[in-house]
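Worksheet for the structure shown next.
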Amino acid sequence: MTIAPATPAASTAPADEVRVRFCPSPTGTPHVGMVRTALFNWAHARHHGGRLIFRIEDTDAARDSEESYHQLLEAMRWLGIDWDEGVEVGGPDGPYRQSQRGEIYQDVIEKLRASGHIYESFSTAEEIVQRHEAAGRDPQLGYDGYDRDLTDEQKAAFRAEGREPTWRMRMPEEDLTFTDLVRGEITFKAGSTPDFVVVRANGKPLYTLVNPIDDALMRITHVLRGEDILSSTPRQIALYRALIEVGVAERVPEFGHLPYVMGEGSKKLSKRDPQADLFLYREQGFIPEGMVNYLALLGWGFSADEDIFSRAQLIERFDASDVNPNPARVDLKKATAINADHIRRLPEAELAERLLPYLQSGGVLGEEITEEQRALVAAATPLVQTRMNLLGEAPDLMGFLFVADEDLVVQDDALKKLGDDPVAVLDRAITEIGAVPEAAFAAPALEEALRAAIIEEMGIKPRLAFGPLRSAISGRRISPPLFESMELLGKASSLTRLRSLRDRLAVQG
RNA sequence: GCCCCCAUCGUCUAGAGGCCCAGGACACCGGCCUUUCACGCCGGCGACACGGGUUCGAAUCCCGUUGGGGGUACCA
């Protein structure tokens, strides 16, 4: 028995450790489909006690941007998708931005050249098509392998013409089969995948090469990615085999291709689509808990009869092999309903805190929030918690509590259907409320007094009895509960508002 | 053209041969509760794309058709 060679530090992890990665390109704003991919990778890692590696694939200088990179980080942090190795946090296999890994790739490229897995190709796209046509083949067939076995003289001749070659992968001439975690066994027929370019003429490697290299070097065990790259899997498997041969990779990882996320109709959610923009959801008042829940439902089901679940429950149950292969459509109504459920699950104090930025952007609160305002938001939160689907609805729902009495706008809508004699109702309410001592100015006492006077004594139906009061207090036909609202407003303010509407109606009337 | 993926209520899905004349959620429609609106509760509407097999038995397995989608780049 021989002594095993010392294992490199990076390989001290258990051999069966699940290692997954999320490796977006920093182009544009975070897209829900992309975020869903991140979420599933994260959930898979956490469920299996594995690690999530966050890598950035910025090999396309023309499209990548630093702004987009920062948005990616922000999206992950907002949703609480944390990673164990990668950008910002580091790890044993860095750097984690492909733009900084040039030397690593050159080294691997050299090995692939030496082993003959990749070869120089001088053909132009036009020449390839011409050759197909000349031979009576379908011109759309793709690269024909023309340069596979060029002699040194031929290469020299092309160079003499001033041509710079790309490097192509020599694809094996055999069926390529793998077992997809979500789709089962998939076979690509021999010959259906032409030799593809792995290194540009300018020497820069392409995604198709660099992605498997990094996955190999980072010892990724499960690749969970979008269905859109399903058809590049045979290329990557061929590359993995080559990488194993040259000693760069240890294994071919397992693949799982997650279903598309579609918009309305059956179109793939485009980057331009507002439904695709994660931050737009946040702006409207989706909370991370709701967003994570909804996103997870895009291609996966928590259980046969429950749709609402927490992050912890997601981790507990998620497994990539349970993902449904059908494309999923974004349903804003359902997303909103799920978000509403999560809002209701929030502790009141927590919700109150999260409401603040929305009240600020909605103009209800200024940049500086006073202690009184904070306290009022906290006190009003239970009144709106079941009345909100999105946090962005808060300004509309709660605004009346924060405006000065003289600035309260009574909407037209709230002036209709107030009964036969709203002035009398308001007068009576003013009297009753005026009689409630400051110290006892609370919802139960107010309700008791107003019911006794207006409903019982005056004989007016509850709907018509409280309608005018609601309009006076909130300016709305629909509002949070009336008595609680009065309590929050206080006696003076409540009376002022009641008198104001009474006077207005008396003049008109 | 060639290659690959997908196919259950309007939408997301449960369903891995009998438990399914198909369950849940959202939406929609009724009702209850009720100071408005919500919440909550109760009920209703509503689907296995089609055609062949295999089997005692198929939403579930196989084949085909049709319909969607993707790839076929010196993008990722």
Side-chain angles (χ1 to χ4, degrees), chain A residues 23-27 34 57-60 62-64 121 124-125 137-143 164-168 180 182-183 186-189 191-194 196-208 210-211 225-235 257 259-260 262 264-268 294 297-308 324-338 340-341 344 383-389 397 414 417 447 450-451 454-455 461-467 469-471 474 476-484:
Chain A
C23 51
S25 287
T27 59
M34 188 199 75
E57 308 221 323
D58 49 355
T59 54
D60 186 354
R63 303 196 322 175
D64 300 328
S121 170
T124 64
R137 290 185 300 250
D138 182 348
Q140 298 181 76
L141 236 33
Y143 181 66
E164 286 298 328
T166 60
W167 289 79
R168 287 186 187 267
D180 191 283
V182 341
R183 284 152 218 274
I186 298 176
T187 299
F188 286 82
K189 282 190 191 150
S192 65
T193 310
F196 56 99
V197 173
V198 292
V199 183
R200 295 178 168 102
N202 67 8
K204 299 278 184 204
L206 285 159
Y207 158 81
T208 10
V210 135
N211 177 278
R225 41 146 62 155
E227 184 183 346
D228 52 332
I229 28 191
L230 175 56
S231 41
S232 77
T233 306
R235 295 200 282 260
H257 290 91
Y260 276 102
M262 321 282 274
E264 300 294 338
S266 49
K267 288 168 300 190
K268 188 183 161 195
Y294 185 66
L297 253 15
L298 258 21
W300 182 75
F302 177 68
S303 83
D305 52 15
E306 281 173 290
D307 268 356
I308 307 294
N324 185 317
N326 314 355
R329 225 164 299 276
V330 171
D331 179 346
L332 239 29
K333 286 220 178 95
K334 179 151 183 171
T336 304
I338 284 174
D341 263 296
R344 278 168 223 132
L383 304 188
V384 297
Q385 187 156 20
T386 60
R387 274 165 253 265
M388 241 181 347
N389 296 321
L397 238 31
K417 296 183 185 163
E447 177 167 8
L450 291 168
R451 273 186 190 283
I454 305 173
I455 295 174
K461 295 252 183 275
R463 193 177 197 95
L464 296 175
F466 300 130
L469 309 192
R470 181 181 309 285
S471 295
S474 69
R476 303 296 184 90
R477 197 171 58 77
I478 295 168
S479 81
L482 178 60
F483 311 111
E484 284 80 357

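Proteins come first, then strands; the chains are lettered A, B, ... in the order of their sequence lines, and each starts at number 1. Predicted model, so just to flag it, every value in this text is computed and none were measured.
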Sequence neighbours excluded, which residues qualify as side-chain hydrogen bond (donor to acceptor under 3.5 Å, both in side chains) partners of A/Arg200?
-> none
side-chain hydrogen bond (donor to acceptor under 3.5 Å, both in side chains) with A/Arg168: which residues, sequence neighbours excluded?
-> A/Ser121
Whole-angstrom distance between [N] and [M], as gauged at atom [atom1]:
N	M	atom1	value
B/C20	B/G57	C1'	13 Å
B/G52	B/G46	C1'	29 Å
B/C29	B/U65	P	43 Å
B/C37	B/A22	P	36 Å
B/U66	B/C50	P	16 Å
B/G10	B/C6	P	22 Å
B/U11	B/C19	C1'	28 Å
B/G68	B/U8	C1'	16 Å

Non-neighbouring partners of A/Glu57 that pass salt bridge (charged side-chain N to carboxylate O under 4.0 Å, His left out), sequence neighbours left out | A/Arg55
With a non-hydrogen cut-off below 4.0 angstrom, is A/Phe483 in contact with a base, only sugar-phosphate, or nothing?
-> base
How would you label the contact of A/Thr59 with the nucleic acid (heavy atoms, under 4.0 Å): base, sugar-phosphate, or nothing?
-> sugar-phosphate
Starting at the 5' end of RNA chain B and moving along, which residue's nearest nucleotide shows up first, A/Ile338 or A/Val197?
-> A/Ile338
Does the side chain of [Y] come within less than 4.5 Å of [X]'s, by heavy atoms?
X	Y	result
A/Thr336	A/Lys333	no
A/Asp60	A/Ser25	no
A/Phe196	A/Leu206	no
A/Val198	A/Tyr207	no
A/Arg329	A/Tyr260	no
A/Leu464	A/Lys417	no
A/Thr208	A/Val197	no

Rounding to an integer number of Å, can you tell me how far [X] [atom1] sits from [N] [atom2]?
X	N	atom1	atom2	answer
A/Tyr207	B/A73	OH	P	16 Å
A/Asn211	B/C75	CG	P	15 Å
A/Leu206	B/U72	CG	P	12 Å
A/Leu383	B/U35	CG	C1'	13 Å

Base-pairing mate for [N] - Watson-Crick or G-U, with both contacts under 3.5 Å:
N	result
B/U36	none
B/C19	none
B/A7	B/U66
B/C2	B/G71

So which protein N/O to nucleotides 30-34 of chain B N/O distances come out below 3.5 Å?
none

Contact string for nucleotides 2-18 of chain B, one letter per nucleotide 5' to 3', B = base within protein heavy-atom range under 4.0 Å, S = sugar-phosphate only, - = neither, reads -SSBSSS--BBSS----
Sugar-phosphate or base contact per nucleotide [nucleotides 36-49 of chain B; S, B, -; heavy atom under 4.0 Å] | BBBS----------
Value for CG (A/Leu397) from CD (A/Gln385), rounded to nearest 0.5 Å, stands at 12.0 Å
Does a side chain donor of either A/His257 or A/Arg225 reach within less than 3.5 Å of an acceptor in the other side chain?
-> yes
Indicate the atoms forming the closest heavy-atom contact of A/Thr386 with A/Arg344, along with that distance.
-> CA-NE, 3.9 Å
